[in-house]
Amino acid sequence: MARPPPPARFSPRLGWTIGGVVVAGLIVAQSVTVIPAGYVGVVFSSFTGVKPNPLQEGLHFVMPFVDHVTTYDARLQEVTLSQTAAQGDEGSISARSKEGLDITAEVTVQFRIDRAKAAILHKELGRNYINTALRPQVRAKVRDAIGQFGAADLISNQRAQLEGTITTELNKSFSRNNLILDAILLRELKIPESVAKAIEEKQTAEQQVAVERNRLQQAEISAQRDVVKAEGEAKAAIATARGQAEALSLRGKSLKENPQLIQLTVAERLAPGIQTIMLPSDGNFLLDLKSLGVQTQPKAAPTPSGN
């Protein structure tokens, strides 16, 4: 009868080897960390606390079982405060204008964490910084900014100024919390419907007044243009009359000083068919040669008869 095979014996050396491999694997796993693209890692040491220099993207070696790495999203993020809030968002912001009217604001804030100060952010605020710091600050600054403007201005021509005021104040708050504000977007500003209608009617009336004022100004400009034209024509007529008077005065003076010019002028205006001579005597008279020729022409001799 065959003997059964002897039972397998566990080698202590093999056990130590397997144990060593497992421990080594754990040590390696604990000592190597990879920071994904767009993230930053904050190292907390069980001996020294939060290390000041955060880990950037890539492979890093840390102290196993001593250092613990917490990652933060360093990409552009946004938080929306809207009446139709999506999952993770909060409701719209209720505020009051300068006159005390109720204003509802819907806002989107775009931001990112300061990579170089991620360790301070982790130490002071922790991973829940959006709910503990960012959202309350946005609400407070938006309310304060809206209180500086009138309701009519907010829905007409000062929306950009409101965004600028909110941006300035949030920049200060975010900087203190190691955050970088990228943009503040006013999605919508709502006021009571009755107030909005009254403001719209007022603006319509103001526009009509502006149109009438513009028409009046155009009429005044047209009238002024006619006055200027008439004044110009009057001045031109006066200048022409003055010139003609001066010309006549000069002509009369010239004729007075040179009497011969009278005879010359008369002679120039006579028809070329009239034979006229002007005697250069002191008598100042004209001699009609045609009439003179008729009187001095000799009579023709009579023709003899046929006898």
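We're numbering straight along the sequence, starting at 1.
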note = Between the CG atom in L189 and the OG atom in S92, the distance rounded to the nearest 0.5 Å is 11.0 Å

request  = Please determine, by modelled atom types, if Q56 and R115 share a side-chain donor-acceptor pair under 3.5 angstrom.
outcome  = yes

ask   = Is the closest side-chain donor-acceptor distance between Y39 and R75 under 3.5 Å?
value = yes

query = When rounded to the nearest 0.5 angstrom, what distance separates OG in S45 from CE in M63?
reply = 7.5 Å

key: Cluster link I130 to V142, ILVMFWY, side chain under 4.5 Å   = yes

task = Look at the side-chain heavy atoms of Ile, Leu, Val, Met, Phe, Trp and Tyr, link any pair under 4.5 Å apart, and say whether L181 and Y129 land in one connected group.
result = yes

query = Is the closest side-chain heavy-atom distance between I35 and T71 below 4.5 Å?
reply = yes

remark   = Shortest non-hydrogen pair, S82 vs E106, comes out as OG-OE1, 3.4 Å

query = To the nearest 0.5 Å, how far apart are OG1 in T240 and NZ in K235?
reply = 14.0 Å

Interatomic distance, I166 atom CD1 to N171 atom CG [nearest 0.5 angstrom] = 12.0 Å

Test item: T132 side-chain N/O and N128 main-chain N/O as donor-acceptor pair under 3.5 Å = yes

task = Flag the pair V42 / L121 as yes when at least one side-chain heavy-atom distance between them is below 4.5 Å, and no otherwise.
result = no

ask   = With a 4.5 Å heavy-atom cut-off, do L170 and V138 have their side chains touching?
value = yes

query = Are the side chains of V107 and I93 in touch, meaning some heavy atoms are under 4.5 Å apart?
reply = yes

key: Heavy-atom donor-acceptor pair, E57 side chain to G38 backbone, under 3.5 Å   = yes

ask   = Is there a chain of hydrophobic side chains (I, L, V, M, F, W, Y, each step under 4.5 Å between heavy atoms) that links F44 to I120?
value = no

message = Under a 3.5 Å threshold, yes or no: a donor from one side chain and an acceptor from the other, between S94 and T104?
response = no

ask   = With hydrophobic residues grouped by side-chain heavy-atom distances under 4.5 Å, do F61 and V34 end up in a single group?
value = yes

inquiry  = Treating S31 as the side-chain partner and V62 as the backbone partner, does any N or O pair qualify as donor plus acceptor under 3.5 Å?
reply    = no

request  = Check L125, I113, D114 against N177 for a side-chain contact (heavy atoms from CB on, under 4.5 Å) and give me the one that passes.
outcome  = L125

ask   = Are any non-hydrogen side-chain atoms of V50 and H122 less than 4.5 angstrom apart?
value = yes

task = Ignoring hydrogens and angles, tell me if any N or O in the side chain of E163 forms a donor-acceptor pair with the backbone of R159 under 3.5 Å.
result = no

key: I103 vs F149 side-chain heavy atoms within contact, under 4.5 Å   = no

query = How many angstroms lie between atom CD1 of I146 and atom CG of L101, to the nearest 0.5 angstrom?
reply = 12.0 Å

query = Does the pair K190/D102 count as a salt bridge with the N-to-O cut at 4.0 Å?
reply = no

query = Any idea which heavy atoms bring G41 and V69 closest together, and the distance?
reply = CA-CG1, 4.1 Å

query = So do the side chains of L81 and R139 get within less than 4.5 Å of each other, counting heavy atoms only?
reply = yes

ask   = In Å, rounded to the nearest 0.5 Å, how long is the span from CD1 of I180 to CG of N178?
value = 9.5 Å

query = When the ring planes of F174 and F111 are compared, do they come out parallel, tilted or perpendicular, using 30° and 60° as the limits?
reply = perpendicular

Minimum side-chain heavy-atom gap T80-R187 below 4.5 Å = yes

